[in-house]
There are 2 protein chains.
Amino acid sequence: MPLLSKAKEIKIKPVREIVYEHIRQAIVGGELEPGTRFTDGEIATEFNISRTPVREAIQKLETEGLIERVPMKGNVVKGLLPKDVAQIFALRKALECLAVRYVAVNATEEELGLIRATLDQAKTYMNTLQGDALADAYVPIVARYNKAMFEASHAPRVVDLIWSHREMLDRYRVVRIVIAKRLHESYSTREQMYGYFVDRKPDDAAILWASHIDRSYRIWIEAIGCSEDIGTHDYM
Amino acid sequence: MPLLSKAKEIKIKPVREIVYEHIRQAIVGGELEPGTRFTDGEIATEFNISRTPVREAIQKLETEGLIERVPMKGNVVKGLLPKDVAQIFALRKALECLAVRYVAVNATEEELGLIRATLDQAKTYMNTLQGDALADAYVPIVARYNKAMFEASHAPRVVDLIWSHREMLDRYRVVRIVIAKRLHESYSTREQMYGYFVDRKPDDAAILWASHIDRSYRIWIEAIGCSEDIGTHDYM
DNA sequence: AAGTGGTCTAGACCACTGT
DNA sequence: CAGTGGTCTAGACCACTTC
């Protein structure tokens, strides 16, 4: 019998991971607003660690585009201009349409079952809940659906890019609004997508998903209240 | 008068950059073959530096997908499986078609002029040279054309992704073969692309570029001599 | 039990900043 | 010219591998 039975359960993460996740959470959670400046040393003293792992964490955040390292000025939390949002949506459209094509071709029966399961659960909630309670229950289900779907593409390179771009947008918590506004539409789209996956129809899946993303973008822009020309985004 | 007049010309790069570029070159140049294992310490002693900057360089190479860090085994040079190549081409198709759409919409007159200039130079070479000499002269021109084209998209996020994926393929020096094999086709495609840019026809540009990438992929596969099913790549 | 790889610390050093 | 930020060194330490 080991002295601490939970010892195996507690993951001993490298310090740089912990720091990375904390800074990341602070940015994504809105605690650190765009434009905020900070240095390696600050973080290091706050966590009572040396600067090396902090540098490693910051380097990772930089490659993800969440922060910018300005020489002699420190690290700056990057903000997203309307133009950036448009570009990210355009990228998402290109990448995710590619991914859903892969899903329609590559998904195993098992994976389709997983997607089906999330849909069934969503259906249950839609029949028993409503209003905010429904939205609260629905949001994590959508997350699970998306995860199951993209995993089923068997195209890890594509999926990695998709997640990193989706996360860029998570930062502005418009996501919840977008979902809540079109909850039923979101559900029926996903039902339809599932049908295309089962029928192995990549083209239909891609077209449907493209219009789904277009809708999300429009709601997003509406929510942000920025009347940027969306013309340049509308490419697939 | 400064003591060393050239002092300003010599860029003092951070050590990690130097190390990064050397390792990168070794991998891309084929000196370090896929599967080769090495450790931070090895590199550090070879360059007579400490391990910290080496770690930073390796971290960067890891995010680029050129190497993999295997716990307790060291760093391993990653190879590209046929499946990877197919996925990268599929990604390139999605990303580059998006980019050329942007070019057709966003390119300034000045940028179009730059593209035109590279085409004119290519034309000159095609009229005066032939065989290997032509290919030698043509390859860098294509590089300049591509650079000018993608820059003109005004979509830096997209362009960054494009370059990083193109570089993944540079490692296998099939590029030159691909260009040499279809030199005239490559030229006329680019002439046509330029026309679509000038006429502001994003759809036509995207379609043409898609088929251009499909052609490259086929030649690539042929050159590699791997008869992988290309079905799953053929998505836009 | 010795060796190797991975991580972190502490601190030196230099370039650039702003008074 | 003091202060701050960025980079690198040297080495300690622990986990895991291997003999």
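Lettering follows sequence order; numbering is per chain, from 1.
A side-chain N or O of B:Thr108 and one of B:Glu111 form a donor-acceptor pair less than 3.5 Å apart. Under 3.5 Å, the side chains of B:His165 and B:Glu96 contain no donor-acceptor pair of N or O atoms. Defined by atom type and a distance below 3.5 Å, a donor-acceptor pair is missing between the side-chain atoms of A:Gln25 and A:Tyr20.
Positionally, the nearest nucleotide of DNA chain C for B:Glu42 lies more toward the 5' end than for the other of B:Glu42 and A:Glu17.
Across all strands shown, B:Arg55 has heavy atoms under 4.0 Å from base atoms, whether or not it also approaches the sugar-phosphate. Using a 4.0 Å heavy-atom cutoff across all strands shown, B:Val54 reaches no nucleic acid atom at all. As judged by a 4.0 angstrom heavy-atom cut-off over every strand, B:Val70 is placed among residues touching the sugar-phosphate backbone only. Among the protein residues, A:Arg51 comes within range of the nucleic acid bases, having at least one heavy atom under 4.0 Å from a base atom. Residue contacts for A:Thr52: at a heavy-atom cut-off of 4.0 Å it reaches a base atom on one of the strands shown.
Per the geometry, NZ belonging to B:Lys73 stands 14 Å off P belonging to D:dC16, to the nearest Å. When rounded to the nearest whole Å, the span between CG of B:Asn48 and P of D:dT9 equals 9 Å. Distance, A:Glu62 CD to D:dG6 P: 11 Å, rounded to whole Å. B:Met72 has its CE atom 13 Å from the P atom of C:dT4, to the nearest Å. Per the geometry, CD belonging to B:Gln59 stands 12 Å off C1' belonging to C:dG6, to the nearest Å. As rounded to whole Å, 8 Å separates atom C1' of D:dG6 from atom CZ of A:Arg69. Per the geometry, CZ belonging to A:Phe38 stands 10 Å off P belonging to D:dG6, to the nearest Å. Atoms CZ (A:Arg37) and C1' (D:dT4) sit 11 Å apart, rounded to a whole Å.
Applying the ring-ring contact (aromatic ring centres under 6.0 Å, His included) test to A:Phe150 and every residue at least two apart in sequence or in another chain returns A:Trp163.
Distances were taken from every side-chain heavy atom of A:Pro53 (C-beta onward) to each of C:dT9, D:dG5, D:dC8; the shortest belongs to C:dT9. Looking at the side chain of B:Val15, the nearest of the listed nucleotides D:dG5, D:dC8, C:dG6 is D:dC8. Nearest to the side chain of B:Asp40, among C:dG6, D:dT7, C:dC8, sits C:dG6.
Salt-bridge formation is detected for the pair B:Arg55/B:Asp40: a Lys NZ or Arg NE/NH1/NH2 atom is positioned less than 4.0 Å from an Asp or Glu carboxylate oxygen.
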